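One structure is given here, and the rest of the page talks about it.
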Amino acid sequence: MRSEDVYAKCLEALHRLHLSTSEGRAEQAVAAEAFLGGNHLELADLDSRRRFLEWFLLERPSESLGEPPVRALQGALLDELAGDDDAEIVVAGLLDSRVGAFEVRDVQPGRGLWLHDLLGLGAYPVQEVTASSEIAAGDVAVGRVFAVGDGLFAMSPATALFRREGLVDALRSDAERLRASRRGTLRVTQIELESMFFPRRSVSRDELEKCETRAVELLSGAGFDEQERGELVALMRTAAANDAPLASASISAVLDRAAFRKRR
C-alpha cells in the first residue's frame with residue numbers, strides 16, 4: 001500500500017478514536033467552524049475536509065486531551081492499526097509532520113522532488129512517483145509533509161499545488177517581512193495557510209436552510225417525489241461546497257428540469 005494511502009487510513013482511524021467521546025465530537029463542531037470560516041464540515045469538499053482533519057488531529061491541542069489527538073491517542077491508534085504494513089512508520093510521520101508553503105525544486109519525473117519551505121526554511125526530499133511527472137520546478141505546494149523512513153518524506157493527499165508567475169518571490173518577500181518582526185524560527189499553522197490560500201465566504205445555517213426549503217418547494221411543485229427531492233438537494237449542496245460556477249450551473253439545470261416537468 002502506498003504511504004499516502006496508509007496516511008489516509010491512519011488519519012481516518014485517529015478521527016474515529018477522537019470522535020468516540022462526546023468531548024471530541026463537541027470540539028470538532030467548534031473547530032470546524034473556525035477552520036472553514038463558519039461553514040459546515042458536512043458541506044466541505046474532500047480536500048478541505050482532509051486539511052481540516054490534519055489540523056484538528058495533528059496540530060490543534062485538544063481541550064479534553066490536553067495535547068493534539070495524535071499525541072494523546074498514539075498508543076490506541078497503533079493498536080487500531082495492528083498488522084497494517086508501514087503503520088508504525090506513518091504514525092511516527094504523523095507525530096512529526098510539517099506544514100508549510102513549499103517551493104518545488106529539482107523534480108525527477110517518476111521518482112521525486114525537493115520541497116523548500118518558503119516560511120520555515122527547511123528542505124525535504126519527497127518520494128513521489130506519480131505526481132512528480134506533472135509537478136514542475138517553481139510550483140508552490142501548500143500543505144503537509146510527513147516522514148516515510150530512510151530520510152524521505154511524502155506529501156499529504158490534501159496538498160494543493162499553485163502555478164502562478166511571481167508567487168514564489170511574493171511569498172519569499174512576505175516571509176522575510178514576517179521573519180524580521182518575530183524572533184526565532186518562523187512557523188506557520190495549517191489554519192493560517194487555510195485563510196491565506198483557501199479563503200471562502202461563510203454560509204450561515206439559516207441561509208442554507210432557506211435555500212434548501214425554497215428548492216424543495218420548487219421541486220415539490222414540479223412533481224418530484226420525496227426521494228427525488230432529497231437526491232437533487234444533496235447534489236446541489238455538494239456542488240455549492242466544491243465550486244461556485246458548478247453550483248450555479250447545477251441549480252439552473254435542476255430548476256430547468258423542474259420547470260419542464262411542471263409544464264407537462
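Here the structure is a predicted model, which is why all the values come from computation and not from measurement. We count residues from 1, following the sequence as given.
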Quick one: are [X] and [Y] in side-chain contact, heavy atoms under 4.5 Å?
X: Leu14; Y: Leu58; value: yes
X: Phe198; Y: Val142; value: yes
X: Leu17; Y: Pro69; value: no
X: Ser97; Y: Leu94; value: no

Side chains of [X] and [Y] only: does a donor on one sit below 3.5 Å from an acceptor on the other?
X: Glu54; Y: Tyr7; result: yes
X: Ser64; Y: Glu27; result: yes
X: Gln28; Y: His18; result: no

Look at the rings of Phe56 and Phe52 and say which category their plane angle falls in: under 30° parallel, 30 to 60° tilted, over 60° perpendicular.
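It falls in the parallel class, under 30°.
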Would you mind listing the cluster partners of [X]? Hydrophobic ones only (ILVMFWY), side-chain contacts under 4.5 Å, chaining allowed.
X: Val30; result: none
X: Val107; result: Phe102, Val104, Leu113, Leu115, Tyr124, Val126, Ile135, Val145, Phe153, Met155, Leu161
X: Trp114; result: none

Keeping [X] on the side-chain end and [Y] on the backbone end, is there a donor-acceptor pair under 3.5 Å?
X: Asp117; Y: Leu119; result: yes
X: Asp169; Y: Gly166; result: no
X: Arg98; Y: Asp96; result: yes

Partner residues of [X] under the salt bridge (charged side-chain N to carboxylate O under 4.0 Å, His left out) criterion, sequence neighbours left out:
X: Arg111; result: none
X: Glu88; result: none
X: Arg71; result: none

Where do Arg51 and Arg144 land on the side-chain contact (heavy atoms from CB on, under 4.5 Å) test, with the steps shown first?
CA-CA 9 Å; Arg51 292 193 302 270; Arg144 190 171 291 270; over 6 Å; no
I'd like to know if Phe197 and Val188 are part of one continuous hydrophobic network [Ile/Leu/Val/Met/Phe/Trp/Tyr, side-chain heavy atoms within less than 4.5 Å].
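In one cluster: yes.
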Which pair of heavy atoms, one from Gln190 and one from Glu59, lies closest together, and at what distance?
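Minimum heavy-atom contact is N-OE2, 3.1 Å.
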NZ/NE/NH1/NH2 to OD/OE distance under 4.0 Å, Glu23 and Arg25
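Salt bridge flag = no for Arg25 with Glu23.
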